[in-house]
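As the structure is a computational prediction, the values presented were derived from the model and not from experiment. Letters go in sequence order (proteins before strands), and every chain restarts at 1.
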2 protein chains.
Amino acid sequence: MKQTEKNDSPKDRILNEAEILFAEKGFHAVTVREITRSAKCNLAAVNYHFGNKENLYLEVFKQRWIPRAKRVRAAFQKTVSAGNGQEIAEIVHALAHAFLKGPLTDDERLRHAQLMIREMAMPTLALDLLIEEVIQPFFREVAGRLRPLMEEAFEKERLMLNIISVFSMVIYFNFARVPVRRVTGEEYDENFKEKLVDHIVKFSVAGFGMNGEEKV
Amino acid sequence: MKQTEKNDSPKDRILNEAEILFAEKGFHAVTVREITRSAKCNLAAVNYHFGNKENLYLEVFKQRWIPRAKRVRAAFQKTVSAGNGQEIAEIVHALAHAFLKGPLTDDERLRHAQLMIREMAMPTLALDLLIEEVIQPFFREVAGRLRPLMEEAFEKERLMLNIISVFSMVIYFNFARVPVRRVTGEEYDENFKEKLVDHIVKFSVAGFGMNGEEKV
DNA sequence: GTCTATAGCAGGATAGAC
DNA sequence: GTCTATCCTGCTATAGAC
């Protein structure tokens, strides 16, 4: 069950295979030869369609990564709209579910997380695009939905740190599968992912409701 | 203020510069020529001292990354021993502080996180080493310290997920500086890092104390 | 638009002088 | 142990036939 099929155009096949390979190995570890071999097309095709390797990498984000991120966000929005959206737990659950179970296949989800992680840890031109088009707007939407559910005294900064914390868990559980498996002894099957969603919701909701002042 | 000074041996200088470059750019994006140029030594030195480029990468982890991780852990242990170690907040604070402020310089901390992230998202031989020698033992120590402070009914799995969540925040705030800056508008100065530690402690302690059952 | 062939160069690694 | 010189593979990118 390969993602790239013969009926796609060479250009599409290149984008598909390039995304898989870039996600698995990173930009520099992947060669144009490898991409065109996987895409069953000619070596020159990358340069013909995308100019050069670097631009192909950018196009992977523009034409594959960003649309997929938008599907994840749409899934989040749909879930939230389906409920009454008046509960913090509901919003966090929609978020964790969209990322960890959501509309993507398991392979897609892993690729998606790996590409993002690589950009965050080692930014290229693509990161600006991601932040501008996906991360910022999504973050603002979540903040906008949560703010009215918070107590008055809740400062803006605390809300932001809370949301980042939820994202940090969701992202971490997605990309750090190897150490998580080793530490928990669990496989990433549907059952475990369900437990993760549940955990993130409970942990975060408690964290959101924290009493502001810790005991010194 | 360069880390590598003339009085170090070429072998040490290579290790120092290689770590910096591998952290910044990743294994494949760095060339042996670049490393030896930075280390002000000859091109052949890498092969003479380390056999080949890949083995140099492993040695960076063995001789630089792991010892540094042990310094972080030692800082955590020292802080915990200094208190009475009977408070969850105290342990989480020691953890967050060790990672986000701790004994490392800011450059070291960033490099350290980047190397780890890269291994987690795209494992090589080095990751087994890290998990075996650092991640597992540290994780077990934290679990061992926290378990007696939990209520009886606390299952093992919930404790593990809690600890992973703390790590996820600590790690995320360390490596995802670019998007965090963009979203919060804050710079990573001492003041902001202090706020982050504080936030992680409050959020986590609340999360740990969560009531088990969420409202449906 | 797709191919073959190849230019042109940078990479890791080694041989052998000192 | 450290150097210079060099091998040779494999890369990106392009020219030009079809």
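As a whole-Å value, the separation of B/Glu54 CD from C/dG11 C1' is 15 Å. For the pair A/Leu56 CG and D/dT12 C1', the computed distance is 13 Å after rounding to whole Å. The NZ-P distance, from A/Lys53 to C/dA10, rounds to 15 Å in whole Å. At whole-Å resolution of the value, NZ in A/Lys11 and C1' in C/dC3 are 18 Å apart. For B/Arg13 and D/dC3, the CZ to C1' distance is 13 Å, given to the nearest whole Å. Rounded to whole Å, the distance from NZ on A/Lys40 to P on C/dT2 is 16 Å. Look at CG on B/Leu43: it is 8 Å from P on C/dG12, rounded to the nearest Å. Between the P atom of C/dG12 and the CZ atom of B/Phe50 lies a distance of 15 Å, rounded to the nearest Å.
Listed nucleotides C/dA13, C/dC3, D/dA13 differ in distance to A/Cys41; the shortest reach to its side chain belongs to C/dC3. The listed nucleotides are C/dG12, D/dA13, D/dG1; the one nearest the side chain of B/Tyr48 is D/dG1. Closest approach to the A/His49 side chain among D/dG1, C/dT2, C/dT14 is made by C/dT2 (side chain taken as heavy atoms from C-beta onward). Nearest to the side-chain atoms of A/Thr31 among the listed nucleotides D/dC11, C/dC3, C/dT2 stands D/dC11. Relative to the side chain of B/Arg33, the nucleotides C/dA13, D/dT4, D/dT12 differ in distance, and C/dA13 lies closest. Minimum atom distance to the side chain of A/Asn47 is reached by D/dA13, of the listed D/dA13, D/dC11, D/dG1. Candidate nucleotides D/dT4, C/dG12, C/dT2 were compared by shortest atom distance to the side chain of A/Pro10, and C/dT2 ranks first.
Between the side chains of B/Thr124 and B/Glu119, at least one donor N or O sits under 3.5 Å from an acceptor N or O. A side-chain donor-acceptor contact under 3.5 Å links B/His199 and A/Ser165.
With the nearest nucleotide of DNA chain D identified for both B/Ala45 and A/Arg37, B/Ala45 has the one nearer the 5' end.
A sub-4.0 Å separation between OP1 or OP2 of D/dC11 and a side-chain N or O of A/His28 is absent. The shortest distance between the side-chain N/O atoms of B/Asn42 and the OP1/OP2 oxygens of D/dG1 is not below 4.0 Å.
Under 4.0 Å is where a charged nitrogen must lie from a carboxylate oxygen, and between B/Glu108 and B/Arg68 at least one such pair does.
Annotation: cation-pi pair B/Lys53/B/Phe27 present, NZ/CZ under 6.0 Å from the ring centroid and within 45° of its normal. Seen from the ring of A/Phe50, A/Lys11 counts as a face-on cation partner, given the 6.0 Å and 45° thresholds.
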